[in-house]
There are 2 protein chains.
Amino acid sequence: MVKAFVTSVDVAQRAGVSRSAVSRTFTEGASVSPEVRRKVLQAAQELGYRVNRLAQGLNNSSSNLVGVVGANLSLPFMAKQLDMLSIGLLRRGLQCLLLNAADARSDIAPLIELIFEFRARAIVVLSGEPPMSIVDECLANGVKLIVINRQLARSDTDIILSDDIAGATLAAERLKAAGCRKVAVVTSGSGTPTQLRRCKAFSDVMTAAGTDIVVWHDGPTTYETGLKAARELLSDRQIDGAFCVTDIMAIGFLDGARNDMGRRVPEDLSVIGFDDIPQASWRSYELTTISQSFEVLTEAVLAALDHELGQSVITNVPVALIERSTVRR
Amino acid sequence: MVKAFVTSVDVAQRAGVSRSAVSRTFTEGASVSPEVRRKVLQAAQELGYRVNRLAQGLNNSSSNLVGVVGANLSLPFMAKQLDMLSIGLLRRGLQCLLLNAADARSDIAPLIELIFEFRARAIVVLSGEPPMSIVDECLANGVKLIVINRQLARSDTDIILSDDIAGATLAAERLKAAGCRKVAVVTSGSGTPTQLRRCKAFSDVMTAAGTDIVVWHDGPTTYETGLKAARELLSDRQIDGAFCVTDIMAIGFLDGARNDMGRRVPEDLSVIGFDDIPQASWRSYELTTISQSFEVLTEAVLAALDHELGQSVITNVPVALIERSTVRR
DNA sequence: TTGAAAGCGCTAACAA
DNA sequence: TTGTTAGCGCTTTCAA
């Protein structure tokens with residue numbers, strides 16, 4: 001019943017040539033006569049032959065798989081990133097081996113090991129932080145490692161960072177310009193480096209300006225966390241501004257502020273987010289936020305694939321203030 | 001610089017045993033003495049050895065990759081599905097080879113071919129429809145094919161279908177109960193089978209009940225399409241109910257109805273969606289909708305992986321009415 | 001340009 | 001329980 005796949009031997013036989021000839025017709029820039037090529041192609045077509053990439057990879061001792069490790073793929077920010085990345089990889093003739101970490105706080109080391117076992121050409125870490133031992137291993141084995149939004153303390157890995165400092169500063173300036181007197185900073189309890197950086201940069205600017213700030217952190221990076229933050233923070237009637245370090249929390253916060261805590265936004269309260277996820281522009285939110293260009297981010301990852309191994313390129317993804325309607329003008 | 005990966009020979013040498021011994025210690029349920037096992041494990045550890053899955057797959061002439069083809073991964077419904085599926089696969093010791101079709105209307109055949117080349121064990125089609133020739137090829141080569149929300153005209157493929165008819169009927173009944181007199185059906189212009197089925201079932205019930213209906217279809221399955229539908233349809237003041245065949249369009253429709261067309265929901269207009277995506281429960285929407293259990297759907301896919309080849313199991317994912325607050329009570 | 005032959009790293013059948 | 005041997009399907013020298 002289950003017949004095996006057609007192999008190059010089958011094709012060679014049918015075409016009346018050697019296996020090498022078959023291999024060559026399917027290898028970019030190998031020397032084959034048009035005649036042989038034609039015969040092979042036809043035989044392959046008739047037999048339904050497809051190259052076995054496992055065998056191919058065994059030879060080159062590297063596949064053209066790229067391992068992608070992520071978590072919380074259903075959160076808009078992640079989903080968008082993965083969407084664009086997987087398309088970009090495919091376009092470059094690379095395949096995406098997706099390892100989903102199930103949980104933002106789970107250890108991604110075993111997933112990366114798995115990627116090694118497939119002799120992937122590169123590993124992209126969208127979420128979580130690879131242990132140093134693994135960074136070393138990548139280097140030793142010629143596997144390109146690309147880490148997004150984690151600042152590793154070493155100089156031999158490609159790192160792609162959203163410009164958190166600039167973004168948070170932009171947010172702070174905007175809230176100052178709106179005349180806010182007491183400002184809340186909302187972040188998750190998970191304390192990812194990105195969130196920490198945004199939080200700190202924002203606080204620094206505000207403190208320097210003498211603006212009263214209160215930092216709130218708890219729970220995962222979700223809509224519900226934002227909602228909860230609003231409910232807990234906004235009993236304080238003095239708070240007239242909020243910076244939520246991710247849009248998904250900002251949206252929850254907005255909903256809590258308006259629906260549960262009776263605030264008018266932006267009249268009573270100015271809210272600003274970060275990331276510019278698709279939902280931020282929805283009519284019910286029209287969230288003023290700091291955008292990171294998903295295009296630039298994706299391009300940076302793809303470009304990093306070609307960088308020489310062991311050399312570190314730190315790419316800062318530029319940010320911009322997207323003025324919509326949740327901050328008083 | 002780039003030293004090759006450690007092989008089983010290296011480990012064997014270091015442990016002072018044969019290559020088979022190494023292979024066996026890494027093979028479930030093979031017979032190795034504890035002594036040998038220990039030595040091998042230690043040597044492997046010291047050398048940083050990891051099995052080469054390409055070579056492994058070459059032997060078994062099948063990897064434990066599962067190819068997943070999708071499109072529009074950043075749409076909430078897709079993202080959620082992929083999130084759960086990729087976690088489920090990993091848990092079962094399967095790896096996910098992700099091929100993103102870039103565009104809902106693009107041909108997925110080349111992507112499936114790619115999956116063949118990796119000798120994947122199974123192919124899951126989340127989006128798009130595989131041509132018949134490929135279905136045959138899967139069967140011939142022992143690759144399990146699992147198709148979601150497409151009704152293929154054959155009886156040798158696993159198919160997982162949301163119970164669109166039941167869901168659309170539920171929606172129709174609910175709108176009837178709300179006393180709607182003239183009802184809009186909003187669907188995309190792409191006419192996927194799922195959307196067509198929902199549309200038709202809903203229309204059938206409404207027509208039978210003598211309720212006035214108007215069907216609107218245009219554009220892709222997005223928030224913007226829903227928004228556009230509201231703007232175009234709601235100049236008609238008689239429309240007092242709407243069934244949007246996916247939540248993402250329902251949310252856009254809701255925003256358009258309230259913000260652009262000045263309708264109160266549910267007082268002036270009842271709206272019902274389908275899918276129960278995470279955003280449907282956000283405070284700004286509280287969308288009444290038909291839920292499909294993502295858990296059941298994912299479980300069905302995973303279960304299908306174990307089904308015998310060439311046998312067709314059609315799984316209907318049950319639906320339920322989720323009563324929130326966009327339909328008059 | 002072509003074919004023969006060796007080898008990529010592993011597993012499995014066979015003997016010991 | 002172990003080691004030896006023969007492939008898995010491909011690419012890549014090396015000669016011809």
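Fair warning: this is a prediction, and the values are worked out from it, not measured in the lab. Just so we're on the same page: letters track the sequence lines, and every chain starts at 1.
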**Item:** Arg50(A) and Glu117(B) ion-paired at < 4.0 Å
**Value:** no
**Ser18(A) side chain near dT2(C) phosphate (N/O to OP1/OP2, under 4.0 Å)** = no
**Message:** Let's see if you can work this out: which of dT11(D), dG3(D), dG7(D) has an atom nearest to the side-chain heavy atoms of Ala21(B)?
**Reply:** dG3(D)
**Message:** If you assign Arg19(B) and Ala55(B) each to the DNA chain D nucleotide with the nearest heavy atom, which residue ends up on the more 5' nucleotide?
**Reply:** Arg19(B)
**Message:** OP1 or OP2 of dT11(C) versus the side-chain N and O atoms of Gln56(B): is any pair under 4.0 Å?
**Reply:** yes
**Complete:** The answer to which of Val32(A) and Asn52(B) contacts DNA chain C further toward the 5' end, by nearest nucleotide, is Val32(A)
**Request:** Could you state the atom-to-atom distance from CZ of Phe26(B) to P of dA12(C) in whole Å?
**Result:** 15 Å
**Request:** Among dC10(C), dT1(D), dA4(C), find the nucleotide with the atom closest to the side chain of Ser20(A).
**Result:** dA4(C)
**Rounded distance in Å - CZ (Arg119(B)) to P (dG9(D))** = 8 Å
**Request:** Please report, rounded to the nearest Å, how far the P atom of dC10(C) is from the CG atom of Asn59(A).
**Result:** 14 Å
**Nearest-Å distance for atom pair CG/P, residues Asn141(A) and dG9(C)** = 12 Å
**Asked** Under 3.5 Å, is there a donor-acceptor pair between the side chain of Asp103(A) and the main chain of Arg105(A)?
**Response** yes
**Message:** Just the rounded figure in Å: distance from P of dC8(D) to CZ of Phe5(A).
**Reply:** 16 Å
**Asked** Expressed in angstrom and rounded to an integer, what is the separation of Asn60(B) atom CG from dA13(C) atom C1'?
**Response** 14 Å
**Message:** Side-chain N or O of Ser33(A) versus OP1/OP2 of dT2(C): is the shortest distance under 4.0 Å?
**Reply:** yes
**Asked** Just by modelled atom types, is the Val143(B) backbone N or O under 3.5 Å from a matching donor or acceptor in the Asn141(B) side chain?
**Response** no
**5' precedence on DNA chain D between Arg37(B) and Thr7(A) (nearest-nucleotide basis)** = Arg37(B)
**Asked** Any donor-acceptor pair under 3.5 Å linking the side chain of Ser63(A) with the backbone of Arg119(A)?
**Response** yes
**Message:** Rounded to whole Å, how long is the line connecting atom CD of Glu28(A) with atom C1' of dT12(D)?
**Reply:** 17 Å
**Separation of dG9(D) P from Leu58(B) CG (nearest whole Å)** = 7 Å
**Asked** Counting just side-chain N and O atoms, does Ser8(B) come under 4.0 Å of either OP1 or OP2 of dG9(C)?
**Response** no
**Message:** Under 4.0 Å, heavy atoms only, any strand: does Ser23(B) hit a base, just the sugar-phosphate, or nothing?
**Reply:** base
**Request:** Under 4.0 Å between any heavy atoms, over every strand shown, what does Val22(B) touch: base, sugar-phosphate, or nothing? Just pick one.
**Result:** nothing
**Request:** Pick base, sugar-phosphate or nothing for Arg24(A), based on heavy-atom distances below 4.0 Å to the nucleic acid.
**Result:** base
**Over 12 foreign heavy atoms within 6.0 Å of CZ, Arg92(A)** = yes
